[in-house]
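All ligand and atom numbering here is 1-based and tracks the order in the structure.
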Amino acid sequence: METLREFESDLTIDKKFGKLKITLYENKLVLDDGKNRVEYNLKNISNVKLNEGFGINSIVADYEGKKIEILYFTNRVKEKLAELYEILASVTSGNYLKMNKIESKKNQNVVRWLLSLISPYKFRVSMGILFSLLLVILSLIPPYLLKIFINNVLLTKGNSYLFTEIILVLIAVYSSVVVITVLQNYALNYLGQKLSNELRVRIYEHVNKLSLGFIENFQSGRILSRITTDVGNTQWFLIWGIPTLLTNLVTIIGIGVIVFFMNPFLGIFAILPIPAIIIGTTIYRRKSRLKYHKVWRRSADITSLLTDTIPSSLIVRSYANEDYENSRLRRLTEELFSSQMGVIRLNVSWWPTLGFILSLTTVIIWFVGGKEVISGTLALGTLVAFITYLSMFYQPIQNLTNVIPFMQQSFTSAERILEIIDSEPEIKESDNPKKIDLKGEITFDHVWFGYDPLAPVVKDVNLKIRQGEKVGIVGQSGSGKTTMIKLLLRFYDPLAGKILVDGYDLKDLDIKNYRSQIGIVHADPTLLYGTVAYNIAYGKQNASPEEIIAAAMMSKAHDFIINLPLAYDTHLGERGNRLSSGQKQMIAIARALIKEPKLLIMDEPTANVDSITEGEIIKSLKEAMQGKTTIIISHRFSILNYVDRIIVMDNGKIVEEGKREELLQKKGKFYEIFKGDGNGTREIYKETQYS
Ligand SMILES: Nc1ncnc2c1ncn2[C@@H]1O[C@H](COP(=O)(O)OP(=O)(O)OP(=O)(O)O)[C@@H](O)[C@H]1O
Ligand SMILES: [Mg+2]
């Protein structure tokens, strides 16, 4: 089982000073202080808490229904172990349950699934295997010819007929080997590429179907590694695994039979080192796997340090942490070095040892066989052929010992891919999804929701938005505004209650059809790699240049776009990094408006835009969204004048609603939010010019 994290405490299980090793696995926590060892099943841990004392702290939890203290530590290691606490707390709450649900869903049979993958290519697979076997048989011929050549041609100094025949057969054998190798490689590699492409696309398509919750829980890194590494392993398994297994087996059996058939006495010497090879290789594999795993983890650490800090070098430099990061990298590379040396030490000792054992066997055969040749009981050609066969004999045994565990690993990879493909989207479309012409009437009916079912963040929300109404949502950070939007877009389903759109339960609608009619501007809009035009047109496939420009004019993006070096054809770089935050927001608004949505949802759309531009954007929104429903989350007081009604959220609930001035006079939550910034109350007197 893979170790997730390791920690160390300075207090043992029975609260004495000493070392306690703490290892976190995917489903259990193991504590070991050398004397005692305790194991906790993560599934049974809940309600994890950190108890902070003056000198001694502890992590406590409910375990199998009882309250227990899991471990103790002094302030010296508090920072590290607080991290363990956080991991434990999140892993044992809803997130873990969700992941577990996904992981336990291995209901398809892996073997059957693998076979179903190659079944369209039955013919090619059988040809690949057939060619591989032919190659084995062909490779067994030349040493035998050598025997005849020495015994019956060279030593008898005659038989010119046999002489030419052997030469011709040899030419025929080697030519066929070339042709068949080409065919075999072509067939199998063709298959390999086809299959891994197919797998990659299938995973990607499936991930696109899965809910956002899955991606947030699963971490995109893990999904990525499945699309790359695991696909590679599975492909290898399907394409090369079976032929490798077969050819090596056939080679071993073939040579074994021939060798015993040629000379049973020498044959016994030949099989002597086999146990040593198998046992040695097995031990080597076990050791090297651990060591290689260590190297792999260390280099993964380095990669994540680099991918984390290079794109964020702005932060690193701002906090003058270059030296800290440099020394961190240096430390990691030193760890990598020492783990690599571990591998090297193992390799430099094992391979020569194995080589020595095999050479020794050959020496024995030379010795025993040589004596027989001298005494005349064995023909010279037979001995030479024998030694040639032996040189081909041990490699496949090593291959097999190496390949079988690797096949297991590939099998695990296949299982991991299947795990994703098998996991069902949490958001399921109904059997008969309705496609509607969206009008824009929305009802939240006693809606409850929480990312962790035990901690709701939207609590019993009732809200009715009329068609064409403009609604503003305000509330403190974390009050659940964005979550409401995610529910309305059906990225998540409510735990209780219902969301109705135009009178239909959201769950009955065709999701893609529904979302395609909504214009969305997310908070912190993400732009994609491409030009300005590409990014705006992302809202509507095949948009004409006129439509793109019209949308950009509405969002006031046009004004700055024409000043860009290549105007609409300017490349924006990764995630639109070449633009200012406000400019990104304007492009995102254009992207939402270009599809002429019936329902426009904007999450802090102008948070980074200056107030003059904001005023202009709102003016054109007013025109564009005439008679259409608009929902705007905003903390900008001026924007709230544009809406017909303001909803005030607090801690997952709607606590107030009404017009801006009414709410201000009420001196409730809304007043509390806006009085502080001085901005709101000031602005109400110098009323904005675009109202
Ligand atoms: N993907 C998530 N997984 C778990 N918890 C989440 C997730 N997204 C948000 N939350 C939590 O849900 C609560 C509501 O978050 P939400 O994003 O809806 O707040 P918000 O009102 O939009 O805040 P802000 O004004 O800062 O954008 C917060 O406590 C937040 O920590
Ligand atoms: Mg938000």
Side-chain angles (χ1 to χ4, degrees), residues 48 86-102 207 210-223 425-427 442 444 447-463 471-497 499 518 520-526 581 584-585 588-589 592 600-609 630-637 639-640 643 646-657 663 669-670 672-674 676-677 679-680:
V48 181
E86 291 202 352
I87 297 177
L88 274 182
S90 79
V91 149
T92 53
S93 66
N95 285 343
Y96 177 70
L97 289 180
K98 241 185 231 161
M99 265 180 61
N100 210 37
K101 203 166 77 201
I102 289 157
V207 167
L210 293 172
S211 51
L212 275 188
F214 179 88
I215 298 180
E216 282 164 6
N217 275 326
F218 224 81
Q219 297 163 9
S220 38
R222 285 175 70 189
I223 296 177
E426 275 167 60
I427 302 293
I442 293 157
F444 277 67
V447 171
W448 286 83
F449 175 76
Y451 297 94
D452 171 359
L454 300 176
V457 291
V458 168
K459 302 169 191 165
D460 197 27
V461 164
N462 288 301
L463 175 63
V471 172
I473 305 181
V474 298
Q476 281 172 280
S477 280
S479 55
K481 305 179 296 293
T482 303
T483 308
M484 293 265 290
I485 300 302
K486 286 189 191 160
L487 289 171
L488 184 56
L489 288 167
R490 208 175 168 215
F491 289 137
Y492 297 92
D493 279 334
L495 295 175
I499 297 175
I518 304 178
I520 309 162
V521 181
H522 293 283
D524 290 328
T526 310
S581 311
K584 275 193 235 174
Q585 285 186 318
I589 296 174
L600 180 64
I601 300 174
M602 302 194 282
D603 194 345
E604 308 264 13
T606 57
N608 298 310
V609 176
T630 310
I631 300 175
I632 305 186
I633 297 178
S634 180
H635 287 122
R636 298 284 282 257
F637 195 70
I639 275 209
L640 296 175
V643 299
I646 298 168
I647 310 282
V648 185
M649 293 204 60
D650 185 30
N651 195 11
K653 290 196 194 103
I654 295 183
V655 289
E656 283 169 22
E657 55 185 276
L663 289 173
K669 191 77 200 171
F670 184 82
E672 199 183 303
I673 294 172
F674 282 96
D677 68 3
N679 179 25

Separation between CG of Leu487 and CD1 of Ile499, rounded to the nearest 0.5 Å: 5.0 Å
query: Heavy-atom contact under 4.0 Å between Ser479 and ligand 1?
result: yes
task: Enter the distance from Gln476:CD to His635:NE2 here, rounded to the nearest 0.5 Å.
output: 8.0 Å
query: N/O/S atom of Ser477 under 2.8 Å from the Mg ion (ligand 2), yes or no?
result: no
task: Return the option from Tyr451, Tyr492, Phe491 holding the heavy atom at the smallest distance from atom 5 (N) of ligand 1.
output: Tyr451
task: Please report the C-alpha distance between Tyr451 and Thr483 in whole Å, then the side-chain angles of each, then the deciding distance to 0.1 Å, and finally whether the side chain to side chain donor-acceptor pair (under 3.5 Å) criterion is met.
output: CA-CA 9 Å; Tyr451 297 94; Thr483 308; 3.1 Å; yes
- line: For Val457, the atoms of ligand 1 under 4.0 Å from one of its heavy atoms are 12 (O), 13 (C)
query: Roughly how far, to the nearest 0.5 Å, is CD1 of Ile473 from CD1 of Ile654?
result: 7.5 Å
statement: Given the options Leu488, Leu600, Val643, Leu463, Ile631 meets side chain to side chain contact (heavy atoms under 4.5 Å, CB included) only with Leu488
query: Out of curiosity, is Gly475 lining ligand 1, as in a heavy atom under 4.0 Å away?
result: no
- request: Check each of Met649, Glu604, Lys481, His635 against atom 24 (P) of ligand 1 and report the one with the nearest heavy atom.
  value: Lys481
